[in-house]
Amino acid sequence: MMRRLAYLLVPLLLAAAGCTATAEEPERPASAARPERPSPFADCAPLTVAPTSAAPAPGGKAGDQLPDLTLNCFTGGAPVNLRDVKGPAVINVWASWCPPCRKELPAFQRLSERADGRFQVIGVNSRDSRGGAQSIGEDYGVSFPMLLDQGDAFQRALERNAFPLTVLVDADGRIRHTDATGALDDARLAALLQRHLGVKV
């Protein structure tokens, strides 16, 4: 009886020892365990180069300059000081957890595709996780350059606390309009560009 019991227990003990023994298993590097996905967003280096056929700054009252604030680019590379951004530019502040932000992102993507060297479309992902921004970028096909503001330094500098937030910047780097009315669509974006930047899309 004891011998029969031993025959039954030995395979179980060996199996248990095999399941818990990890010393013989080679460790996998972290990169092999979870490969990093390529970023859906464009590089930020062109942000400091004026658009090829940028419209001149429209007349009227000059606005404030963009804040002297340096943000990292989602894709890596050199950080970008907002004062160095060359306009005209449309800056969209958003977060993946914000439903109106997600609603308007496709309109900003279409706007970036129609820019045609006349202006830049720039994203500022704020108060968000990198994974959340990556997933939304992939899901919505967003490919314009993306800056990271893990706190809300940009909004604090503008004295605005709204999501989403759209900032229109002229060719001289001055803020012409800040919009916090909610999710923008193609028609509203086109009207804002025409009115504040003198650009027709």
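Both the sub-6.0 Å distance and the 45° axial angle are satisfied by Arg130 relative to the ring of Phe74.
Judged purely by atom type and a 3.5 angstrom limit, Arg83 uses its side chain to pair as donor or acceptor with the backbone of Leu66. Judged by distance alone, the side chain of Ser112 and the main-chain N or O of Gln109 form a donor-acceptor pair under 3.5 Å. When atom types are taken as modelled, the side chain of Gln120 and the backbone of Leu47 share a donor-acceptor pair closer than 3.5 angstrom. Using modelled atom types, no side-chain atom of Asp172 and backbone atom of Arg174 make a donor-acceptor pair closer than 3.5 Å. Judged by distance alone, the side chain of Asp149 and the main-chain N or O of Asn125 form no donor-acceptor pair under 3.5 Å. Side-chain atoms of Arg118 come within 3.5 Å of backbone atoms of Lys200 as a donor-acceptor pair (strictly under, hydrogens ignored).
No side-chain heavy atom of Gln65 sits under 4.5 Å from any side-chain heavy atom of Ile175. The closest side-chain heavy-atom distance from Arg195 to Arg176 is not below 4.5 Å. Between Val169 and Phe119, every side-chain heavy-atom pair lies at or beyond the 4.5 Å cut-off. Counting heavy atoms from C-beta outward, Val142 and Asp139 have side chains that stay 4.5 Å or more apart. Contact of the Asp185 side chain with the Glu104 side chain is not registered, since no non-hydrogen atoms from C-beta on lie closer than 4.5 Å. Side-chain atoms of Phe41 and Phe144, non-hydrogen and from C-beta on, never get closer than 4.5 Å to each other. Leu82 places none of its side-chain heavy atoms less than 4.5 Å from the side chain of Asp68.
Taking CG of Leu158 as the reference point, atom CG of Leu165 lies at 6.5 Å (rounded to 0.5 Å). The distance from the CZ atom of Phe108 to the OH atom of Tyr140 is 14.0 Å, given to the nearest 0.5 Å. Taken from CG in Asn92 to CG in Leu105, the straight-line distance is 6.0 Å, to the nearest 0.5 Å. For the atom pair CG of Leu168 and NE2 of His196, the computed distance is 6.5 Å after rounding to the nearest 0.5 Å. From Leu71, atom CG reaches atom CG of Asn81 across 8.5 Å, with rounding to the nearest 0.5 Å. Once rounded to the nearest 0.5 Å, the distance linking CG of Leu147 with OG of Ser126 reads 11.5 Å.
Under a cut-off of 6.0 angstrom, the local environment of CD in Gln150 is sparse, with at most 12 non-hydrogen atoms contributed by other residues, nucleotides or ligands.
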Go through Thr178 and Thr166 one step at a time and tell me if the side chain to side chain contact (heavy atoms under 4.5 Å, CB included) criterion holds.
CA-CA 6 Å; Thr178 303; Thr166 301; over 6 Å; no

Go through it in stages, so that I can follow the logic: the residues are Gln194 and Val199, the test is side chain to side chain contact (heavy atoms under 4.5 Å, CB included), and I'd like the CA-CA distance, side-chain angles, deciding distance and then a yes or no.
CA-CA 5 Å; Gln194 174 81 53; Val199 175; over 6 Å; no

Let's go through Val90 and Leu193 carefully: what are the C-alpha distance in whole Å and the side-chain angles of both, what is the deciding distance for side chain to side chain contact (heavy atoms under 4.5 Å, CB included) to 0.1 Å, and is it a yes or a no?
CA-CA 8 Å; Val90 180; Leu193 261 76; 3.6 Å; yes

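Taking the charged nitrogens against the carboxylate oxygens, Asp152 and Arg156 do have a contact shorter than 4.0 Å, which makes a salt bridge. For Arg188 and Asp179, the salt-bridge test passes: some basic side-chain N is under 4.0 Å from an acidic carboxylate O. Salt-bridge formation is detected for the pair Asp186/Arg114: a Lys NZ or Arg NE/NH1/NH2 atom is positioned less than 4.0 Å from an Asp or Glu carboxylate oxygen.
Listed here is the closest heavy atom pair of Ala180 and Arg160: CB-NH2, 3.6 Å. The two residues Val121 and Pro145 have their closest heavy-atom pair at O-CD, 3.5 Å. The heavy-atom pair separating Val124 from Met146 by the smallest distance is N-SD, 3.9 Å. Between Ile122 and Ala89, the shortest heavy-atom distance links the atoms CD1-CB, 4.0 Å. The shortest non-hydrogen separation linking Ser96 to Ile136 is CB-CG1, 3.5 Å. Contact record, Ser129 with Gly132: OG-N, 2.9 Å, taken as the closest heavy-atom pair.
Qualifying ring pair (Phe, Tyr, Trp, His ring centres under 6.0 Å) partners for Phe163, counting only residues two or more places apart in sequence or in other chains: Trp97.
Listed by first and then second residue, the disulfide (SG to SG under 2.5 Å) pairs involving residues 78-124 are Cys98-Cys101 (not counting sequence neighbours).
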